[in-house]
Undergrad: 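Here it is, the structure in full.
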Amino acid sequence: MADPASYRPKSSDIPTDPGVYRFKDEHGRIIYVGKANNLRSRLGSYFVNPNTLPPKTRTMVHMAAGVEWTVVASEQEAIQLEYTWIKEFTPRFNIMYRDDKSYPYLAVTMNEKFPRVMVMRGDKRKGVKYFGPFYPAKAIRETVDRMLRVFPIRSCSAGVFRRAQLANRPCLMGYIDKCAAPCVGRISEEDHYALAEDFVAFMNGDVRPYLRELEDHMKQAVAELRYEDAARYRDDIEALKKVFERNAVVLPETTEADIFAFAEDELEAAFQVFHVRDGRIRGQRGWVVEKVDDTTKPQLVEQLLLQIYGDMEDTERIPREVLVPVLPENADDVETWMTQRRGAHVDLRVPQRGTKRQLMETVQENADGALRLHKSRRSGDITARSAALRELQEALEFDQPLLRIEAYDISHVQGTNVVGSMVVFEDGLPKKRDYRKFNVTGDAARDDTAAMDDVLTRRFKNYLREQSDAPLVLSGELDPEDNGDPKKFSYPPSLVVVDGGLAQVNAAQQALLDLGIDDIPVVGLAKRLEELWIPGDEFPLVLPRTSQGLYLLQRLRDESHRFAIQAHRTKRSKSMIHSALDEVPGLGQRRRQDLLKHFGSLKKIRAASIEELQAVAGIGPKLAETIHTALSTASPRQEPGKLDS
């Protein structure tokens, strides 16, 4: 890893103009692209004191071997240039969005001699008109089926079209009047192209002229007693209305907006957007992004908007309103850039109230569900789990497969109610019945390193006892509420993962060595870092961001953190409701709750007479006297005030 001082440019050489800068590694690959209003001020912030930078930014400047910049005339130009370079070079430390699934689009190939309507996924092609995305996929097929009744344009593949031409016989769609059959000359090339243009115009929202025309034809057919033709026109009108009214009206008919929301955790974020046209939700789309930098919410939104509307070839599809949960840091410049792309004003804002705010809450629910689904899919994929375990084994150069991995974490509030957690993954999946929590007290609770040493020592002492068939002593070793099978400690892990960097992993390794255990490897994974620390190594092992092995370690760390917090909160809650009633001999939990429910507070219980205490169900004369005596002699400092039942 390079020292940033080795390639730091002179401050006087950096212009104060707006521009775009790019960091390169030793091989000349661009690893980060950024923009700035003042290049000198922005670049200087990377080199003044790199150790004060956020962790991932610090990693980036140490991995880089040089920095270059390009001056532009305005920040709008900087936005465009930054987007272009990110798309071209896909730098490792920039945010890169990807679809969370391949959404189907209704496409019309207007770049062909005989345009074709079809369902398309994946990358968009030049000269093709797209509508959607549609979700679920069944919706697009129903739409196409109804539309072909009124606009019978070609829907067959190139092979089917050529065979029909050679045989001079149309395919089935031509026989059932859902294709005008240009393959056999039933319609001219010009008329078929015009029919395709009408199809596109209708899908763009120009609905009423076609409905009026069909209604006029239907009325004329009725007047001329052509009832079969009138019935066909009636069915065509109903088909178009169903397409137009697929989505309920949620906003005024003039509303044209894209509404974004996102859900995030420390590692990833899931974005969702509802495309609202003519007051109706015409489509939905989602993206998932790996947070490769310490990215703020405004930065996430800005990069998403640049990617979505920068990739859009048909800029007329950019709506009049773009509603987001939080504005980008330079919202005015992003709004100006979108306005220039669209050729008309775009209003970028956060909805505060009303129907649009309510609809954004619905989009937010979809984003929350998309993130949960994305994570569950990754964890439930047996191929991904196998790849993760294999990648870890190869990266750490282990001879044996990682059948059982244990992860540890410490949770507390300012050194109180310290709890350690142990979570277990076998074959890449959580084994929750083997989870354990450790109450840490005394000198071991003074800091996280001492607490981790205490937890690991207690866990592996039990392992050594079970290996030697000695009696297992749980008192003082484990949480007394843990009623699990103690023999589960006889299974040694293939790998121990601790939350932290080099100091934490060295301390964990030393705790095992002090017990004489030198055959269980230990690694550390710091929060929000992709660096894997190995005892004794000065530099960390960096796994690729797309590595399934890294994702498995992150899941382990997050799960140990979640379990530790849960155990800590339980312990803290119990300590907060401790009162003088707990010291009364013969008074169980049920009777304590009954007393608090009857009197409302410990103060009122203390003031009650023996006769008043006996009014509580289950409290007899002897127990009432015991309670009265105990509370009369108890220190008032034990009173917590009014407690809930």
Side-chain angles (χ1 to χ4, degrees), residues 1-86 88-96 264 266-267 269 289-307 326-334 336-337 501 526-531 539-540 542 545:
M1 298 180 73
D3 182 357
S6 65
Y7 65 89
R8 177 180 180 176
K10 293 182 179 180
S11 180
S12 58
D13 292 341
I14 307 175
T16 58
D17 303 305
V20 180
Y21 57 91
R22 51 206 179 275
F23 282 86
K24 293 184 175 181
D25 64 11
E26 58 184 355
H27 304 292
R29 292 173 299 194
I30 295 177
I31 61 174
Y32 184 75
V33 174
K35 66 179 183 302
N37 281 327
N38 185 319
L39 283 169
R40 180 182 298 175
S41 175
R42 184 71 183 94
L43 287 175
S45 66
Y46 288 101
F47 300 102
V48 172
N49 188 355
N51 292 327
T52 62
L53 295 172
K56 290 179 183 175
T57 306
R58 184 169 65 248
T59 302
M60 184 270 294
V61 297
H62 281 86
M63 288 189 64
V67 61
E68 301 172 349
W69 57 84
T70 299
V71 175
V72 296
S74 64
E75 188 161 358
Q76 283 78 28
E77 290 186 18
I79 289 174
Q80 181 61 50
L81 184 58
E82 179 195 33
Y83 159 74
T84 302
W85 280 350
I86 289 176
E88 180 179 355
F89 300 113
T90 60
R92 172 182 176 184
F93 287 91
N94 280 100
I95 306 169
M96 300 302 296
E264 62 175 337
E266 291 184 344
L267 307 172
V289 59
E290 292 177 351
K291 298 166 66 175
V292 297
D293 202 350
D294 298 277
T295 311
T296 64
K297 292 181 179 180
Q299 290 171 334
L300 282 172
V301 171
E302 176 182 336
Q303 292 298 325
L304 177 72
L305 297 179
L306 293 179
Q307 177 170 321
V326 59
L327 288 174
E329 293 175 351
N330 51 344
D332 292 340
D333 295 313
V334 175
T336 302
W337 175 79
K527 282 186 176 65
R528 303 185 68 184
L529 291 178
E530 65 271 9
E531 299 167 339
F539 298 106
V542 179
R545 283 295 303 178

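Both backbone and side-chain heavy atoms feed into the values below; hydrogens, waters and symmetry mates do not.
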Undergrad: Using atom types as modelled, flag every donor-acceptor pair under 3.5 Å from a side chain in residues 20-30 to any protein atom, sequence neighbours excluded.
TA:
from  : atom 1 : to    : atom 2 : distance (Å)
Tyr21 : OH     : Tyr46 : OH     : 2.8
Arg22 : NE     : Glu68 : OE1    : 3.4
Arg22 : NH1    : Thr70 : OG1    : 3.1
Arg22 : NH2    : Glu68 : OE1    : 3.4
Lys24 : NZ     : Glu68 : OE1    : 3.3
Lys24 : NZ     : Glu68 : OE2    : 3.4
Asp25 : OD1    : His27 : N      : 3.0
Asp25 : OD1    : Gly28 : N      : 3.1
Asp25 : OD1    : Arg29 : N      : 2.9
Asp25 : OD2    : Arg29 : NE     : 3.0
Asp25 : OD2    : Arg29 : NH2    : 3.1

Undergrad: Locate the shortest heavy-atom distance separating Ala78 from Gly19; write the atom from each residue and the value.
TA: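 Closest pair (atom of Ala78, atom of Gly19, distance): CB-O, 4.1 Å.
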Undergrad: Can you tell me how far CG of Leu306 sits from NZ of Lys35, rounded to the nearest 0.5 angstrom?
TA: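 Here the interatomic distance stands at 6.5 Å.
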Undergrad: How far apart are the closest heavy atoms of Asp3 and Ser6, and which atoms are they?
TA: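 Scanning both residues completely, I find the closest heavy atoms to be O-OG, 2.5 Å.
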Undergrad: Quick one: pull up CG in Asn330 and CD in Glu302 and give me the separation to the nearest 0.5 Å.
TA: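 If we round to the nearest 0.5 Å, Asn330:CG and Glu302:CD are 4.5 Å apart.
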Undergrad: Give me the atom names and distance for the closest heavy-atom approach of Gly34 to Glu82.
TA: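 That would be CA-OE2, 3.9 Å.
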Undergrad: Do Tyr7 and Val61 make a side-chain contact, defined as non-hydrogen atoms from C-beta onward lying under 4.5 Å apart?
TA: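 Counting from C-beta outward, Tyr7 and Val61 do come under 4.5 Å.
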Undergrad: Enter the distance from Ile79:CD1 to Leu305:CG here, rounded to the nearest 0.5 Å.
TA: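 Result: 10.5 Å between the selected atoms.
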Undergrad: With sequence neighbours excluded, tell me which residues meet side-chain hydrogen bond (donor to acceptor under 3.5 Å, both in side chains) with Ser45.
TA: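 Listed in chain order: Arg42.
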Undergrad: What residues form a side-chain hydrogen bond (donor to acceptor under 3.5 Å, both in side chains) with Asn37, not counting sequence neighbours?
TA: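 Applying side-chain hydrogen bond (donor to acceptor under 3.5 Å, both in side chains) to Asn37 gives Glu75.
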Undergrad: Check Tyr32 against Pro91 and note the closest heavy-atom contact, atom names and distance.
TA: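 Nearest heavy atoms, Tyr32 then Pro91: N-CB, 3.6 Å.
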Undergrad: Any idea which heavy atoms bring Ile31 and Met60 closest together, and the distance?
TA: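 Residues Ile31 and Met60, closest heavy atoms: CD1-O, 3.8 Å.
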Undergrad: Would the distance check show the side chain of Arg40 and the main-chain N or O of Ile14 forming a donor-acceptor pair, the cut-off being under 3.5 Å?
TA: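 Side chain of Arg40 to backbone of Ile14: a pair is present.
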Undergrad: What residues, two or more places apart in sequence or in another chain, satisfy side-chain hydrogen bond (donor to acceptor under 3.5 Å, both in side chains) together with Arg8?
TA: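 In terms of side-chain hydrogen bond (donor to acceptor under 3.5 Å, both in side chains), with neighbours along the sequence ignored, Arg8 is linked to no residue.
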Undergrad: With side chains defined as the heavy atoms from C-beta onward, is the minimum distance between Gln303 and Ile86 less than 4.5 Å?
TA: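 Yes, side chains in contact.
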Undergrad: Return the set of residues passing side-chain contact (heavy atoms from CB on, under 4.5 Å) with Pro298 (not counting sequence neighbours), or none when no residue passes.
TA: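 Thr296, Val326, Glu329.
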Undergrad: What pairs with Asp17 under side-chain contact (heavy atoms from CB on, under 4.5 Å), at least two apart in sequence or on another chain?
TA: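 For Asp17 the side-chain contact (heavy atoms from CB on, under 4.5 Å) partners, ignoring immediate neighbours, are Pro15, Val71.
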